[in-house]
Amino acid sequence: MSNEKKAAVDNSADEAQIEVEMNDAADGEAPPVPSHDELLLTLQDAQAKADEHWNQLLMARADLSNAQRRSERDLANAHKFAVEKLALELIPIKDSMEMGLTAVAEGDEQDEGRAKVIEGMELTLQMFSGVLDKFGVKEVNPQGDRFDPDFHQAMSMQETVDFAPNTVMTVFQKGYVLNERLIRPAMVVVSKAVADG
Amino acid sequence: MGKIIGIDLGTTNSCVAVMDGDKPRVLENSEGNRTTPSVVAYTDDNEILVGMSAKRQAVTNPTNTLYAIKRLIGRRFDEEVVQRDIKLVPYNIVKADNGDAWVEANGNKMAAPEISARVLMKMKKTAEDFLGEEVTEAVVTVPAYFNDSQRQATKDAGPVKLQAWM
């Protein structure tokens, strides 16, 4: 490349020898190699940028570990106090049961006492079901439904002509779902076609 | 490259974990449990159930509910362990053409790794639901006493699984 330029310069004939030499020197040095000061500046600039990025990284890292710690604490607290609302709703039911027991103890042993206990228990149960409902707990009572292992636990099978095969004949224990997630399967007896003969 | 998951493929239960930052994290399945029964069931309606639901219907479908498959994986039908198992389990253990111990459900003969693959797929699904991305690599545990054939058969459950994913 510098040869080409040299040729070009030579071609422009009558230039003084010195000028040619000067041109040559300029061609070789000036554009590709920056001066010492310029290099120093570029280096300083790069170092400053590296430092800045390093600091940003450290800060981001600190932020992340803080966020992790915070979320761990939040989660622990959430676990700890998640039952608070539920507990608050359950307390009146305990009150009601205690009141019922006191009433029975104080009451005379006549038939009207029994009726009152039943009524009280029914009301308490109603309150209790209400609380469960409020917290997204729903009953699974599949009597007569098709057996569904996603929600039912088969305890045994029984031959029958009264139900289509694979139907829930009896529910031993009701199941429950919490916000669509099964927390306890219903314990059931499943029907089976009667074997021939 | 996606995350690599770790699966503990157990005889009765299986478990899946991922690295969350610098700590391993055991994942809960869709039912909120950290372990999933290693049970696979083939129902009359040609449905394949894996995990808790398969276990719950075991009583109603004993011959097509496969469990403790890990005891058969990589074993020959004639081995003593297999012969003893035949007497213990309600499903059919059959001899494959190559002499391996296979199982039978709904009239289909299947290799043990095929059944284990179902469990692995379920564990993979759990991890994918958590990570929100596809998982293509997994480390699966085997007991220290597993021989080469058992180890290879466990690895074979991987490709079967991969095929099913494609």
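Order of the sequence lines fixes the chain letters, A, B, ..., with proteins taken first and strands second; residue numbering starts at 1 for each chain.
- The shortest side-chain heavy-atom distance between A:D150 and B:Q57 does not fall under the 4.5 Å cut-off.
- The 12-atom threshold is not exceeded at CZ of A:F172, counting heavy atoms of other residues, nucleotides or ligands nearer than 6.0 Å.
- Interface residue A:F151: only backbone heavy atoms are found under 4.5 Å from chain B.
- Atom CZ of A:R184 sits in a crowded spot, with more than 12 heavy atoms from other residues, nucleotides or ligands closer than 6.0 Å.
- Atom CG of B:D97 is surrounded by 12 or fewer heavy atoms from other residues, nucleotides or ligands within 6.0 Å.
- No more than 12 heavy atoms of other residues, nucleotides or ligands lie within 6.0 Å of NE2 in A:H36, so this atom counts as exposed by the packing criterion.
- Annotation for A:R181 and B:E31: closest pair CD-O, 3.5 Å, computed over non-hydrogen atoms.
- At a 4.5 Å heavy-atom cutoff, the contact between B:S30 and chain A is made by backbone atoms alone.
- For A:P149 against B:L49, the heavy-atom pair with the smallest separation is CG-CD1, 3.6 Å.
- Residue contact with chain A, scored on non-hydrogen atoms closer than 4.5 Å, involves the side chain of B:D45 exclusively.
- No donor-acceptor pair under 3.5 Å is formed between the side chain of B:R56 and the backbone N or O of A:H152.
- The local environment of CE in A:M121 is sparse, with at most 12 non-hydrogen atoms from other residues, nucleotides or ligands closer than 6.0 Å.
- Partners of A:S191 under the side chain to side chain contact (heavy atoms under 4.5 Å, CB included) rule, at least two apart in sequence or in another chain, are A:T160, A:F163, A:T167, A:M169.
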